[in-house]
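When reading the values below, keep in mind they use all heavy atoms of this one structure, side chains included, and skip hydrogens, waters and symmetry mates. Chain A is the first sequence line, chain B the second, and so forth, proteins listed ahead of strands; every chain is numbered from 1. This structure is a prediction, so every number in the text was calculated from the model and none was measured.
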Amino acid sequence: MPELPEVETVVRGLERGIAGRRIKKLTLNRADLRFPLPKGLAARIEGRRVLRIGRRAKYLLFHIEGGGVLLAHLGMSGRMVLNGNGNGADRRHDHVVLSFDDGAVLRFNDARRFGLIDWAESEDELPRNKHLASLGPEPLSNGFNGVTLASLLEGKATPIKAALLDQRVVAGLGNIYVCESLFWAGISPKRRAGTVQGERAERLARAIRLVLERAIAAGGSSLRDYVQATGELGYFQHQFAVYGKEGEPCPECDCGKAIRRIVQGGRSTFFCARRQK
DNA sequence: ACGAGAACCTGTTTGC
DNA sequence: TGCAAACAGGTTCTCG
C-alpha cells in the first residue's frame, strides 16, 4: 500500500497532530508481529515527548526526546491513525497503540503484518540501521536528477520496472508510482534498466519527481487500506494514468489503444505499448 | 553477482 | 450460491 507519497502524507498529518506531545503509554496488543518490538522500547519512549516526525524512503521516523528514533514501516496494509478515526479499520489489527498525555491516541493497524517497528539509539545511528543502510537516494531531494539516476541504472540487465522497485536504486517508489512514472516518461517497463541513460534518464527522473509531488498534493492514493493520519482518504487514485486501468484507452494517445497489464517479477505492470518504448 | 520466484499474512474480489 | 483461486500498495530469502 503505502509508497513514498502515502508515508509523506501520514508524516505531515502526525507532525500536525502529535509533534511536541508526551507519550504516556505504549500498548502492544499482539506479540507475533513480523519482527518483535525492540527490547525495552516502551521504557525508552514512555514519559518522553515526540519532538518531530520525519521520513526516509517508506519509513516513518519519530524523533524522541533524548535522542532516540522510532522507525515504523507500514508494509502493504499498515495504517497509522490518530484518535480513533480508523476509517473502517478492523480493531483486531490495532497491534501497537501509543497514548499521549493530552489524550491523543495513535494506532498502528496492520492486517497483513508486513509492517515493522524498530528503534535507533540516535539520529547518528540511523544511517547504520539495518533497514535504512542500503537505501538509494530520496527522489525528492535536490541531488536526484537524470545524471544520478543514469549512474544508478548503468549496467543493470533487469527491466527498468524491477530496477525502480529496488529500494537500493531509488528509495520510496512502489508498484503504483513506478507504473505512473514510466508512463509519463514514455519508457517501456520492459526496457533494460542499463539502457535508460542520457535524455531518457532525465525524462524519467523528472517524471518520478512530478508524479510523487502530485500524489503528495492529493494526499496519496487510497485503494483499500490506506488512510491519512486523520483517517481521511487520499485522492491521487483518481489521477492514475495507467495503474489498474487494463483495457481502458490510453489517456495521452489518441490511437485509442488500450492500457495493457503484464506481470513482471510477480507484480502487475500497467502501460501503454504505443507511448512507452 | 545477479535476477527470478517464492514466502511472509490477511482480506477481498473474481471465476467456475 | 459456494468454494477456490487470484490478487493486493512491500520486503526478504532462496535458488539457479
Side-chain angles (χ1 to χ4, degrees), chain A residues 1-10 29-36 55-60 71-81 86-95 108-118 129-136 152-182 189-194 211-212 215-216 218-228 233-240 242-247 261-270:
Chain A
M1 149 252 227
E3 306 179 32
L4 187 155
E6 288 74 36
V7 177
E8 180 63 27
T9 300
V10 170
N29 289 326
R30 81 179 276 174
D32 58 336
L33 302 182
R34 176 151 73 111
F35 300 107
R55 178 187 62 75
R56 172 73 171 110
K58 301 172 192 173
Y59 292 84
L60 298 134
L71 293 75
H73 193 290
L74 301 179
M76 287 279 255
S77 57
R79 307 178 186 210
M80 198 65 81
V81 182
N87 206 327
D90 185 335
R91 286 279 181 255
R92 289 176 304 169
H93 302 306
D94 282 349
H95 303 318
F108 172 53
N109 179 288
D110 184 13
R112 294 177 72 180
R113 283 181 283 143
F114 288 170
L116 66 90
I117 288 178
D118 199 8
N129 177 273
K130 62 180 279 203
H131 298 110
L132 306 185
S134 53
L135 292 171
L152 287 158
L153 297 172
E154 196 170 8
K156 286 199 174 295
T158 197
I160 185 66
K161 164 77 189 303
L164 293 179
L165 284 176
D166 184 342
Q167 302 297 295
R168 296 169 299 186
V169 175
V170 182
L173 298 179
N175 208 28
I176 292 176
Y177 298 107
V178 167
C179 291
E180 294 291 310
S181 298
L182 287 171
K190 296 188 276 193
R191 172 177 280 277
R192 273 190 50 185
V211 165
L212 294 177
I216 291 169
S221 304
S222 287
L223 297 184
R224 28 171 59 86
D225 298 307
Y226 167 71
V227 296
Q228 304 187 28
L233 299 177
Y235 292 96
F236 192 70
Q237 66 277 15
H238 302 303
Q239 296 178 55
F240 288 170
V242 290
Y243 186 83
K245 298 205 175 290
E246 181 180 18
R261 171 185 178 272
I262 58 174
V263 175
Q264 294 177 288
R267 330 235 5 226
S268 292
T269 300
F270 300 91

(Q) Between A:K130 and C:dT12, is there a contact of a side-chain N or O with OP1 or OP2 at under 4.0 Å? (A) no

Heavy-atom nearest nucleotide on DNA chain C taken for A:V263 and for A:R267; more 5' hit belongs to A:V263

A:L165 CG to B:dG5 P, in whole Å, measures 14 Å

In whole angstroms, the gap separating P of B:dC9 from CG of A:D90 amounts to 18 Å

- prompt: Say you pick atom C1' in C:dA8 and the same atom in B:dG3; how far apart are they, in whole Å?
  reply: 23 Å

Separation of C:dT11 atom C1' from A:L74 atom CG, nearest Å, is 13 Å

If I pick the P atom on B:dC9 and the same atom on C:dC3, what distance separates them, to the nearest angstrom? 25 Å

For C:dT11, does either OP1 or OP2 sit under 4.0 Å from a side-chain N or O belonging to A:R113? no

Taking only side-chain nitrogens and oxygens of A:T158, does any of them come within less than 4.0 Å of OP1 or OP2 of B:dC2?
-> no

Which part of the nucleic acid does A:R168 contact within heavy-atom distance under 4.0 Å: base, sugar-phosphate only, or nothing?
nothing

Taking Watson-Crick and G-U wobble contacts under 3.5 angstrom, with | marking pairs to another strand and [ ] crossing pairs, the secondary structure of DNA chain B is written .|||||||.|||||||

So does A:H93 get a side-chain nitrogen or oxygen closer than 4.0 Å to the phosphate oxygens (OP1/OP2) of B:dG11?
yes

Inset, instruction - Please determine if a side-chain N or O atom of A:K156 lies less than 4.0 Å away from the OP1 or OP2 oxygen of B:dC2. - result: no

Touch class at under 4.0 angstrom, heavy-atom based, for A:P159 against every strand present:
sugar-phosphate

Here the distance between atom P of C:dG10 and atom OH of A:Y226, to the nearest Å, is 14 Å

Taking only side-chain N and O atoms of A:H73, does any of them lie within less than 4.0 angstrom of OP1 or OP2 on C:dG10? no

To the nearest angstrom, the CG-P distance between A:N109 and B:dC9 comes to 18 Å

Check: Using a cut-off of less than 4.0 Å, is there contact between a side-chain N or O of A:S268 and OP1 or OP2 of C:dC7?
Finding: no

Any idea how A:Y177 and A:F236 line up, ring-wise: parallel (<30°), tilted (30 to 60°), or perpendicular (>60°)? tilted

Within the structure shown, what part of the strands sits under 4.0 Å from A:G174 by heavy-atom distance: base, sugar-phosphate, or nothing? sugar-phosphate

### Query
Is a side-chain N or O of A:R113 found less than 3.5 angstrom from the main chain of A:H95, in a donor-acceptor match?
no

* Any side-chain N or O of A:R92 less than 4.0 Å from the OP1 or OP2 oxygen of B:dG11? -> yes

| task | Scan A:A162 against the nucleic acid and name what it touches under 4.0 Å (heavy atoms): base, sugar-phosphate only, or nothing. | result | nothing

Item to complete: Go through the side-chain N and O atoms of A:E3 and A:Y226 and say whether any donor and acceptor fall under 3.5 Å apart.
Response: no

From CA spacing to verdict: side-chain contact (heavy atoms from CB on, under 4.5 Å), A:L74, A:R79: CA-CA 6 Å; A:L74 301 179; A:R79 307 178 186 210; over 6 Å; no

**Request:** Please test A:L33 against A:D110 for side-chain contact (heavy atoms from CB on, under 4.5 Å), starting from the C-alpha separation and ending with a verdict.
**Result:** CA-CA 9 Å; A:L33 302 182; A:D110 184 13; over 6 Å; no

Between A:R112 and A:Q167, whichever has its closest DNA chain C nucleotide further toward 5' is A:R112

Worksheet entry | P spacing across the pair B:dA1 / C:dT11, given as an integer number of angstrom | 23 Å

From CZ of A:F114 across to P of C:dC7 the rounded distance in Å is 16 Å

